[in-house]
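Inspection log for the structure reproduced underneath, given as structure tokens.
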Amino acid sequence: MTQTQKKHTRSVILGTDWWTDCDDVAAVRIACRAARAGLWNLKGIVLNACMPDSVSSMNAFCTAEQMENLPLGIDLSAVEYGGNPPYQTVLASLPHTLAGNHAAEDGLALYLRLLSEADGPVELLEIGYPQVLAALCAHPQGYRFLAEKVSCLWMMAGNWQNDGIGVENNIARGPTSRRAAAYLFEHCPCPIVLLGWEVGASVISGTPETVPDPSDPLRMAFLAHGSRNGRSSWDPMLVLLALTGDIRKAGYAIRRGYASADPETGENRFRYADDGPHGYVVKTMPDPWYAAVLAEWLR
Ligand SMILES: [Ca+2]
């Protein structure tokens with residue numbers, strides 16, 4: 001690889017709850033396909049919710065996406081979020097090599113290892129609960145990595161449509177996610193770009209027209225979730241936004257300032273300031289425009 005190529009290969013780590021909602025599956029497909037296309041170096045995935053088949057189902061899906069050796073981490077303590085994930089059971093029936101959650105690395109340890117190994121800037125993508133990132137931020141070496149090596153944290157989190165005040169699952173799900181989001185927004189030393197609930201809710205992806213094959217693992221996951229006709233696109237839109245890298249070209253404007261979360265209630269808030277380190281994106285295109293771009297990646 002030449003120096004020029006090296007300079008332009010982006011490195012990313014994806015955090016996901018991989019919990020009950022199938023939109024994470026669409027997001028992981030795009031992340032894997034972008035990696036296989038050489039658009040970025042996907043260094044690993046950290047799961048921040050822990051269900052019986054979390055690691056085996058993720059490993060099976062990555063295997064189906066020809067990314068079977070992708071390092072996986074998990075927060076084994078993240079069992080409080082509850083819920084029922086039938087899509088994981090279905091995906092875990094597909095071929096995989098990591099059998100059980102203990103076959104993955106500890107999530108925080110994986111972030112620390114991958115960031116320590118990185119010789120250039122790394123971008124973090126988060127489409128789940130923020131407690132592992134908050135632990136990274138609270139860790140002395142992790143904080144230094146966030147300050148010195150992480151160029152951007154792209155997060156699907158919050159609901160910003162009412163002057164920045166709202167409630168959304170990734171932040172407000174439970175006591176752990178609420179406290180973690182509050183801590184992360186207050187202390188994270190790298191810029192944060194947020195894509196809120198209001199952006200993805202009305203954009204539908206994974207429709208039967210796009211993914212018709214019932215043996216396609218993405219289709220299997222969507223059917224198991226009950227999303228026969230597709231699903232809101234919160235998580236795949238976050239991955240596409242990060243992949244495009246240019247907020248305007250990705251079809252958004254940005255409102256800059258300071259995001260915060262109430263550690264007790266999980267309510268998100270936003271203080272507007274043009275030079276603030278945080279921003280939330282606002283759509284500048286009609287919903288079918290985003291749906292068409294997503295369909296190209298998911299089909
Ligand atoms: Ca998610």
Side-chain angles (χ1 to χ4, degrees), residues 12-25 27-28 31 42-62 70-85 87-89 91-92 96 98-117 122-143 145-146 150 153-157 168-188 190 192 234-235 238-239 261 263 266:
V12 301
I13 304 169
L14 175 66
T16 168
D17 50 332
W18 195 255
W19 180 55
T20 62
D21 203 319
C22 61
D23 69 322
D24 294 76
V25 185
V28 172
L42 177 59
K43 298 176 77 69
I45 295 180
V46 174
L47 287 74
N48 45 55
C50 186
M51 319 291 281
D53 294 317
S54 292
V55 167
S56 49
S57 60
M58 175 65 87
N59 182 231
F61 188 73
C62 291
L70 190 65
L72 301 183
I74 187 167
D75 177 359
L76 289 172
S77 72
V79 294
E80 76 174 53
Y81 298 123
N84 175 34
Y87 84 79
Q88 293 184 16
T89 313
L91 291 180
H96 59 276
L98 295 181
N101 291 330
H102 288 274
E105 288 184 61
D106 171 69
L108 174 60
L110 181 57
Y111 274 120
L112 290 168
R113 179 171 74 77
L114 294 176
L115 287 167
S116 149
E117 290 168 1
V122 179
E123 294 163 72
L124 304 183
L125 281 60
E126 181 54 65
I127 54 173
Y129 301 118
Q131 82 278 357
V132 186
L133 289 178
L136 182 69
C137 187
H139 186 283
Q141 191 185 33
Y143 183 88
F145 288 151
L146 283 169
V150 176
L153 166 56
W154 307 88
M155 284 185 89
M156 192 279 125
E168 180 276 326
N169 180 67
N170 284 354
I171 295 174
R173 177 74 197 169
T176 300
S177 61
R178 295 169 192 170
R179 284 195 298 268
Y183 185 89
L184 193 66
F185 288 150
E186 190 172 347
H187 297 286
C188 182
C190 71
I192 302 177
W234 301 287
D235 293 355
L238 185 281
V239 172

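Bear in mind the structure is a predicted one, so any value in this text is a computation, not a measurement.
- Every residue meeting the ring-ring contact (aromatic ring centres under 6.0 Å, His included) condition with Tyr183, not counting sequence neighbours, appears here in chain and number order: His187.
- Scored by the ring-ring contact (aromatic ring centres under 6.0 Å, His included) test, His139 finds no partners at all (sequence neighbours excluded).
- A side-chain contact (heavy atoms from CB on, under 4.5 Å) with Ile45 is found for exactly one of Val28, Val55, Ile74, namely Val28.
- Between Leu124 and Leu133 there is a side-chain heavy-atom pair separated by less than 4.5 Å.
- Asp24 and Ile127 make their closest contact through OD2-O, 3.4 Å (heavy atoms, listed as atom of the first residue, atom of the second, distance).
- Ile171 and Ser177 get closest at one heavy-atom pair: O-OG, 2.9 Å.
- At least one side-chain heavy atom of Leu125 sits less than 4.5 Å from a side-chain heavy atom of Val239.
- Using a 4.5 Å heavy-atom cutoff, the side chains of Pro130 and Met155 are in contact.
- Side-chain atoms of Asn48 and Gln131 form no donor-acceptor pair, as typed in the model, at a separation below 3.5 Å.
- For the salt bridge (charged side-chain N to carboxylate O under 4.0 Å, His left out) test, no residue two or more places apart in sequence or in another chain qualifies with Glu168.
- With sequence neighbours excluded, the residues that form a ring-ring contact (aromatic ring centres under 6.0 Å, His included) with Trp19 are Tyr129.
- Contact annotation: the side chain of Tyr87 approaches that of Trp18 to within less than 4.5 Å [non-hydrogen atoms, C-beta and beyond].
- In terms of the side chain to side chain donor-acceptor pair (under 3.5 Å) criterion, residue partners of Asp21 (sequence neighbours excluded) are, by chain and number, Arg231.
- Contacts of Asn170 classified as side chain to side chain donor-acceptor pair (under 3.5 Å), with partners at least two apart in sequence or in another chain: none.
- Under the 4.5 Å side-chain criterion, counting only non-hydrogen atoms from C-beta, Trp154 is in contact with Glu123.
- Looking at heavy atoms from C-beta onward, Arg113 lies in side-chain contact with Pro71 at the 4.5 angstrom threshold.
- Between Leu115 and Val150 the shortest side-chain heavy-atom distance falls below 4.5 Å.
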